[in-house]
Amino acid sequence: MVKHPKPLLFVLMFITMFSQPVSSVDFMFNGLNSTDVLLYDRANISSRILTLTDETSFAASRAFYISKIPTKIPNSSRVLPFSTSFFFSAPPSMNRYSFNIAFAFTTNTDNHGTNSDFSIGFSGGVVVDFNNLVSVSYHAAGYWLTSDFDGDQSFEELNLNNGENYQLWIDYADSVLNVTIFPIGIKRPKHPLLNVPFNLSDVFEDEMYVGFISSSTGYQSGRILAWSFSNSNFRLSESLITSGLLSFTIPLFTIPRFRYISKDRLLPE
Ligand SMILES: *[C@@H]1O[C@H](CO)[C@@H](O)[C@H](O)[C@H]1NC(C)=O
Ligand SMILES: *[C@@H]1O[C@H](CO)[C@@H](O)[C@H](O)[C@H]1NC(C)=O
Ligand SMILES: *[C@@H]1O[C@H](CO)[C@@H](O)[C@H](O)[C@H]1NC(C)=O
Ligand SMILES: *[C@@H]1O[C@H](CO)[C@@H](O)[C@H](O)[C@H]1NC(C)=O
Ligand SMILES: *[C@@H]1O[C@H](CO)[C@@H](O)[C@H](O)[C@H]1NC(C)=O
């Protein structure tokens, strides 16, 4: 019997025509590495921690994922959904505005200082802003605690510059942007801190750089300890490793040393 190749060909054509050949990005860095991120100005990585803003220079600093990522379906108005999360800490300070860091999308890494096309800024409070000019939404940093007993919500305010590690989580889909912040180690709060209708279609190019910028208005170093990003898996960031993290409140010498295994694993030496 001769097998006819046509059905297979047809299936392949069908898949090619009707599946969307849109590349999506997934990455998870439990600890950052200069092979994974581009560093500008005063941004540096040591002990697998990304540090933004030099305490002495008052300079801006920037760090982006190593290459542009697809952010829109090419030549369309459709923005790719994304979910991203990172661990952040700032040295203890009495000044609420001691640091000023943003998660940003930009078309051009040559943009000077804090310019970007879209950024979600956070300092003592949390701001979602466009091009660092128009503040779209603002909320004091904190998270909503839902009572297991009656489902009641209470707001827990956070002081982001107390040296502790915090997790920021940003989800975007269907022109809605959610931002959640919570202390590392607790379960992700059910309700986001910010829930902002915002269509990124006119802001985004087809491909963009994604990463962090710190502004010179802050004068202390912010640290990024881990970072994940996905266009398809909105639960990816749940797998970030929350144990064994360095923090400003734990002196360096008490931290066990880590052995580098792969992008997503650190094992004690
Ligand atoms: C960064 O990653 C590369 C390859 O993934 C590895 O060879 C290198 O040792 C890593 N550097 C640090 C500082 O962990
Ligand atoms: C990285 O930046 C921090 C904060 O500005 C600084 O203390 C540290 O010395 C820098 N490390 C390197 C390797 O440049
Ligand atoms: C998008 O449009 C540009 C210019 O019209 C064209 O060169 C390119 O091939 C298009 N890309 C896709 C994926 O359709
Ligand atoms: C944003 O939060 C709202 C309220 O919790 C939720 O209904 C919605 O699905 C979330 N959207 C994204 C993109 O996470
Ligand atoms: C977002 O804006 C684009 C272009 O203006 C439009 O085509 C699209 O329908 C909008 N999306 C939503 C969910 O409103």
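Indexing begins at 1, ligand by ligand and atom by atom, following the structure's order. The residues of the chain are indexed from 1 along the displayed sequence.
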is_close_aromatic([X], [Y]), centroid dist under 6.0 Å:
X    : Y    : result
F27  : Y65  : yes
F212 : W227 : yes
F122 : F88  : yes
H139 : F155 : yes
F82  : Y172 : yes

[atom]: nearest protein contact (heavy atom, Å):
atom                    : value
atom 13 (C) of ligand 3 : P74 CB, 3.6 Å
atom 2 (O) of ligand 3  : N75 ND2, 2.3 Å
atom 14 (O) of ligand 5 : N199 ND2, 3.6 Å

Check ligand 4 against A173 and write out every atom of the ligand that is under 4.0 Å from a heavy-atom position of the residue.
13 (C)

Where ligand 4 meets N195 - atom numbers and elements under 4.0 angstrom, heavy-atom basis
1 (C), 2 (O), 3 (C)

Could you tell me, atom by atom, which parts of ligand 5 come under 4.0 Å of a heavy atom of S77?
3 (C), 4 (C), 7 (O)

Ligand 5 atoms in contact with S175 (distance to a heavy atom under 4.0 Å):
11 (N), 12 (C), 13 (C)

Going by the 4.0 angstrom heavy-atom rule, the piece of D202 near ligand 5 is side chain

Could you walk me through whether D41 and R62 pass the side chain to side chain contact (heavy atoms under 4.5 Å, CB included) test, one step at a time?
CA-CA 7 Å; D41 306 325; R62 296 165 295 146; 3.3 Å; yes

Flag: protein heavy atom within less than 4.0 Å of [atom]:
atom                    : answer
atom 11 (N) of ligand 3 : yes
atom 7 (O) of ligand 3  : no
atom 4 (C) of ligand 3  : no

Spell out, as yes or no, whether a donor-acceptor pair under 3.5 Å connects the side chain of N162 to the backbone of E164.
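Checked: pair present.
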
So, is N178 polar-close to ligand 4, with some N/O to N/O distance under 3.5 Å?
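N/O-N/O distance below 3.5 Å exists for this pair.
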
Cation-pi, F182 ring and R188 (6.0 angstrom, 45 degrees)
no

